[in-house]
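For reference, the structure discussed in these notes is given below.
Note that this is a predicted model, so its numbers are computed, not measured. What you see below is based on every heavy atom in this structure, not just the backbone, and it leaves out hydrogens, waters and symmetry mates. Proteins get letters first, then strands, A, B, ... in listed order; numbering begins at 1 in each.
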Amino acid sequence: MSRYNFRESEQKWQRVWRERGSFAAHTAARPKYYVLEMFPYPSGKLHVGHVRNYTMGDLVARYRRAQGFNVLHPMGWDAFGLPAENAAIAGNVHPALWTRDNISTMRGQLQRMGFAYDWSREIATCHPEYYRHEQKMFLDFLKAGLAYRKESWVNWDPVEHTVLANEQVIDGRGWRSGALVEKRLLAQWNLRITAFSDELLAALETLDRWPERVRLMQEKWIGRSEGARVLFGVAGRDEAIEVFTTRPDTLYGASFLALSPHHPLAQRLAERDPALAEFIAECDRLGTSEAVIEAAEKRGYRTPLEAVHPLDPARRVPVYVANFVLMEYGTGAIFGCPAHDQRDLEFARKYALPVIPVVLPPGADPATFEIGDTAFVDDGTLYNSDFMNGLSVPKAKRAVGERLEQSGRGERTIAYRLRDWGVSRQRYWGCPIPVIHCARCGIVPVPEAQLPVELPQDVSFDAPGNPLARHPTWKHVACPACGGAAERETDTFDTFFESSWYFLRFCSARAATAFDRAAAEYWMPVDQYIGGVEHAVLHLLYSRFFTRALKRCGYIDLDEPFAGLFTQGMVLHQTYQSENGEWLFPEEVQEDATGRLVDGEGRRVTIGRLEKMSKSKKNVVDLDAIVDTYGADTARLYLLSDSPPERDLEWTAAGIDGTWRYVNRLWRLVSEPAVPLPPVGRAIPPAVPAEIVVVRRATHKTIAAVTDDLEKFHFNRAVARIRELTNALEDMPVDEPAAADALREGLEVAARLIGPMMPHLAEEMWQELGHTTLLVDEPWPKPDPQLVQDETVTIAVQVNGKLRGTIDLPRDAANSEVREAALALPQVARMLAGKAPENVIVVQNRVANVVIGRA
RNA sequence: GCGGGCGUGGCGGAACUGGCAGACGCACUGGAUUUAGGUUCCAGCGAUGCAAAUCAUGGGGGUUCAAAUCCCCCCGCCCGCACCA
């Protein structure tokens, strides 16, 4: 029995496609389709998670191509980033070389998978030919007021002299140095994404081919909330504290004010109050991560200040500095109303502050209503609130807003959670920010003619700090304005900068400008973007902003870069640990004679949790080994078939084995057909036996179902349908007349349908079936409408909603006919016992429910 | 903490707009073929039960002729939280 020779076949077809330029995209009159997968960071080797992503993208690209679309399907490298620098520090290899080698490895792996990319458009963002254009964009943003410099807080590692990412801060210490992290204020470049807050929020509604959850996450991230700014006086001082609140209606329930540790007033007080300074320092040790801050125990420091209530000057409330108040949101100060906010309530209980209810729940008695452990946060009727008494919450908000505005003690306003995008990084391996600092002229943009500002090659990583800043000559330049001695900016861009416009570069990857406008206007927006849900907010929001910023600067007339988005799940694998707790690679684990899992030396191995594949836990599979053993197509089909694409997938050895067996079954069906096949192109006789019609129906139903499934990204279901068709073809009644014709029809359909998933095998099948064309150039099959619908349907018969039997009737039979047939079923008749049913509900072609009185 | 999501046999999952729960596969069991292993083929496979039947979609409640699907409460797990990409 022959096995499918994937080694020969995959190499052969990859060569044929390459030689024919099958996947090169050109602008054309045909309708375009731009398929894009989130490009990888070249971290070393391709990860199975990447392959899952690209397999889906390839399926879409090949499917749309077969449907006659002019498809653009490019690939490139998000090549700047921290890991290259870490490798340089750890392994004494230059980031550029490390990156180049990784790209070369990973490109080879992608090519082995047979993905239909237009390789002539490959880009790597670390090349000056790429990043020079974003330097120009930055200068344009600067002119347009979309880029500016401001001080912001960062995690500082005092040993390494570097800024740390939140993920590099572990329990308040630098991940490598172990030093206690400090917070520092640093002048940083920012992009004014908040200028587009409303637009970015409103346009989410237009993204109807985006997952609901991603739109929701972005909506919450932008976090528009209507509220008020309220001025509290400070007793005995000529000073005011401005707070932002979404609940100005609860102002009479205020029992304290809380300032962010970074609030200017808090900082000023700390200068003369060592205990407060120590409290602030403690808060700072939490780092900048919002998750850590919010999860930490809520703590406050009581300052000697008392705030004067804006609506009642006789009332005073204490002023705290609290670790949970963020300087970045609102005004960096809040008023606490414990009765109607859970966090405030916990704070009030802890520091024995009064809890004054001012909103009465519907039906509650004002004389007895009290707040226990739970704040009342819903709508109700205001009381204890002077002029607001008796109003509902929305009406009270309006009333207090007007009152504050009249008295000059505040105003209604809208706050966003969204903050401007800090793009400065104190790192070497990134795109240099093209400005020059001159002692006389201040900040001077690098003249466009001098772009790109290239990274110096000769840098060292053997000392702490940013190698760019330490470089002996690079930063020293003449000021373009006055000609005097000046210094380059040594910060580089956040790597999200590169990924915020790469989809535009792909439209004309070798253009002398950032992109050719006509090409971009032809290809954009991306019709189908595919990537991990972990990018749901940052990358996707930055790209949406960037596109708008480019529009404002006259680059392109486009608002939304991604018309369709699909977010796929992760690839998980079992973890294994040895007796001493070390992680083990899957291939280090075996079964012993008794079926227990052991390592190479026969020691007991414990099975850990199912987790995302990661190098640190060693629960990874080697892609090259998989492709060596099973071939690219088997890996591709397995990744598509085992789980719904949006859900996580567990990689198992048994799973890929099963897929490999199917690949061979499919190949045998074509290479060793049960009956000799008729020649290519012979028409199927008009009249064939009923047994053959059944198979032909299966074939055409499969076309319809698979097409529908692919449209809806139900790839696992599409694979199941094709397997059902294969089962039907294996059971072909070969002795019937025209069986061979129906078999050829079914096999050709199977090859076409499986083409986007297993392109090499499909091409091989197509050739084996006698075709001289390339399957990749064949159109997508269309089902015969006559053969898609069955003539009879099976209708479920229920009694009181419980299945009691089924009846076969012609499709679309009259309700009366269904009713009669249902009542005639012996099981039903028995339960009726001669009585008439109370009701019979008939759902066409589906169900008949006989309702019998239960009395 | 906040925001988002998920939960169906031993396992991955299927089930359209509320209409036959378990398609398709993995694993397993029995049988056939094979020198052996593997492959291949046939049959079985949610639970209890001889059967009739009953019970089953994380748990509890509700709406409905009918609920995996809609509503309320609870539990568990996963993802994101702004300098990882």
Across the strands shown, which category fits A:Gln426 at heavy-atom distances under 4.0 angstrom: base, sugar-phosphate, nothing?
->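 The residue A:Gln426 makes base contact.
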
When we call it a touch if two heavy atoms are under 4.0 Å apart, what does A:Leu418 touch: a base, just sugar-phosphate, or nothing?
->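 A:Leu418: base contact, heavy atoms under 4.0 Å.
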
Taking atom types as they are modelled, is there a donor-acceptor pair under 3.5 Å from the base of B:rC81 to the side chain of A:Arg417?
->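 In this structure, the two groups form no donor-acceptor pair.
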
Looking at A:Lys802, does any N or O in its side chain come under 4.0 Å of the phosphate oxygens OP1/OP2 on B:rA67?
->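 So the side-chain polar atoms of A:Lys802 never come under 4.0 Å of the phosphate oxygens OP1 or OP2 of B:rA67.
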
Where does B:rG12 land, syn or anti, given syn is within 90° of 0?
->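 Anti.
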
For each nucleotide in nucleotides 70-76 of chain B, reading 5' to 3', give B when a protein heavy atom comes within less than 4.0 Å of its base, S when such contact involves only the sugar-phosphate, and - otherwise.
-> -------

Who pairs with B:rU35 - Watson-Crick or G-U, where each distance is under 3.5 Å |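 Pair assignment: B:rU35 / none.
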
Partner nucleotide of B:rG46 by Watson-Crick or wobble geometry (both distances under 3.5 Å) =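 Because both required distances fall under 3.5 Å, B:rG46 counts as paired with B:rC55.
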
Which whole-number value in Å describes the distance from A:Arg819 CZ to B:rC65 P?
->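 About 17 Å, once rounded to whole Å.
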
Given atom CZ of A:Arg647 and atom C1' of B:rG13, what is their separation to the nearest angstrom?
->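 Distance, rounded to whole Å: 7 Å.
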
Taking atom types as modelled, is there a side-chain donor on A:Thr794 or A:Asp808 under 3.5 Å from an acceptor on the other?
->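 Side chains of A:Thr794 and A:Asp808: pair found under 3.5 Å.
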
Nucleotide N/O of nucleotides 24-26 of chain B paired with protein N/O under 3.5 Å:
{"unit_1": "B:rG25", "atom_1": "OP1", "unit_2": "A:Asn727", "atom_2": "ND2", "d": "3.2"}

Polar atom pairs between nucleotides 44-51 of chain B and protein, under 3.5 Å, N or O only, would you list them?
none

Nearest-nucleotide comparison on RNA chain B, the residue closer to the 5′ end among A:Gln188 and A:Asp648 |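 Looking at the nearest nucleotide for each, A:Asp648 comes out on the 5' side.
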
Can we call the ring centroids of A:Tyr130 and A:Trp501 under 6.0 Å apart?
->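 Yes: the rings meet the under 6.0 Å criterion.
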
